[in-house]
Amino acid sequence: MKSKELQRISKFISLILRHNPEAAGITLDSHGWADVGELINGVSRKYPLDRALLERIVAEDEKGRYSFSDDGRLIRANQGHSINVDVELEEKEPPEILYHGTAERFSSSIEREGLKPGTRLYVHLSTTPEAARKVGQRHGKPIVYVVNSGEMAKSGYTFFLSANGVWLTKNVPAEFLSVLESRHPDNN
Ligand code: HQG
């Protein structure tokens, strides 16, 4: 199967497991798990999918978006949900600095209100400016914020590290944000 087709199926799976299980006629449990057989049946209404292909999609996903349960019967998205499930995120002391990539057009609102999770459960933070810039590019002309996560943790804010290495927190007040100044003309 071509990688474009695989990507299309993966996008549909992430829609189902993060936002809209009804799109495949399935339900998730309170920890975000779907039954693998039900997911395959539901996706198969739209795209060809069997266990082997699903295993390939999970194994090859470049962001490690999905996990199987230990017995292989269940599958869930590791982060990125808008529906209220508890994926048993690990609460963890964050690094001193994290980054958030967004589009320039959101900057006045962000600098007024801080970072809010929007439709998702958490604000997503990156460990490098490069990764943050890529996230921001999905929305338009990117801008990268430096998040003073060390100071936030000292002030009592909690952080979580997802199974696939994404830092998450409920919100970031504007006082902990500063714009990353680009040092290179190409770096914007
Ligand atoms: C912005 C992808 C105005 C926020 C990525 C972002 C990530 C505000 C947008 C993951 C705001 C929400 C998540 C405020 C935040 N005013 N705009 N006060 N506060 N925003 O897509 O972080 O490929 O829900 O900056 O790689 O872009 O799907 O979040 O631009 O890890 O696995 O509101 O999704 O991963 O957009 O992306 P999103 P995000 P996947």
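The residues of the chain are indexed from 1 along the displayed sequence. Counting starts at 1 for both ligands and their atoms, following the listed order. For the numbers below, each heavy atom of this structure counts, side chains included, while hydrogens, waters and symmetry mates do not.
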**OP:** Quick one: look up the protein heavy atom nearest atom 10 (C) of ligand 1 and list residue, atom name and how far away it is.
**Re:** His124 ND1, 3.3 Å
Subject >> Carboxylate-amine/guanidinium contact Glu5 Arg8, below 4.0 Å >> reply: yes
Original post:
Are Leu17 and Ile40 connected in the hydrophobic side-chain network, where two residues link if heavy atoms are under 4.5 Å apart?
Top reply: yes
Original post:
Do any heavy atoms of Arg112 fall under 4.0 Å from ligand 1?
Top reply: no
Original post:
What is the nearest protein non-hydrogen atom to atom 21 (O) of ligand 1, stated with its residue, atom name and distance?
Top reply: Arg120 NH2, 3.0 Å
Original post:
On the ring face of Phe12, is Lys46 found with NZ or CZ under 6.0 Å from the centre and within 45° of the axis?
Top reply: yes
Original post:
Relative to the heavy atoms of Glu113, which atoms of ligand 1 are at a distance of less than 4.0 Å?
Top reply: 14 (C), 16 (N), 18 (N)
Original post:
Any luck finding a side-chain donor-acceptor pair between Ser67 and Asn78 under 3.5 Å?
Top reply: yes
Original post:
Does the side chain of Ser10 come within less than 4.5 Å of Tyr66's, by heavy atoms?
Top reply: yes
Original post:
Among protein heavy atoms, which lies nearest atom 30 (O) of ligand 1, and at what distance?
Top reply: Thr102 OG1, 2.9 Å
Subject >> ligand 1 contact by Val166, heavy-atom criterion under 4.0 angstrom >> reply: no
Subject >> For His100, the ligand 1 atoms whose distance to one of its heavy atoms is below 4.0 Å >> reply: 4 (C), 22 (O), 25 (O)
**OP:** Would you please indicate yes or no on a ring centroid separation below 6.0 angstrom for Tyr145 and Tyr99?
**Re:** no
**OP:** May I ask you to identify the nearest protein heavy atom to atom 27 (O) of ligand 1, giving residue, atom name and distance to one decimal place in Å?
**Re:** His139 NE2, 2.6 Å
Subject >> Closest protein heavy atom (residue, atom, distance) for atom 16 (N) of ligand 1 >> reply: Ser109 OG, 2.5 Å
Original post:
Which one holds for Gln137 and ligand 1: side chain close, backbone close, both close, or neither close, with close meaning a heavy atom under 4.0 Å?
Top reply: neither
Original post:
Any idea which heavy atoms bring Thr169 and Thr158 closest together, and the distance?
Top reply: OG1-O, 2.7 Å
Original post:
Atom CD1 of Ile26 and atom CD of Glu38: how far apart are they, to the nearest 0.5 Å?
Top reply: 6.5 Å
Original post:
For ligand 1, is there an atom lying under 4.0 Å from some heavy atom of Ile110?
Top reply: yes
Original post:
Does ligand 1 have a heavy atom under 4.0 Å from the side chain of Lys134, from its backbone, from both, or from neither?
Top reply: neither
Original post:
For Gln79, is at least one N or O under 3.5 Å away from an N or O on ligand 1?
Top reply: no
**OP:** Would you give the length of the straight line joining atom CD1 of Ile13 to atom CG of Leu49, rounded to the nearest 0.5 angstrom?
**Re:** 5.0 Å
Original post:
What protein heavy atom sits nearest atom 28 (O) of ligand 1, and how far off is it?
Top reply: Arg18 NH1, 2.8 Å
**OP:** Determine whether any heavy atom of Gly114 lies closer than 4.0 Å to an atom of ligand 1.
**Re:** yes
Subject >> ligand 1 versus Arg138: contacting region, heavy-atom distance under 4.0 Å >> reply: side chain
Original post:
Taking the six-membered ring of Tyr122, is NZ or CZ of Lys170 closer than 6.0 Å to its centre and within 45° of its axis?
Top reply: yes
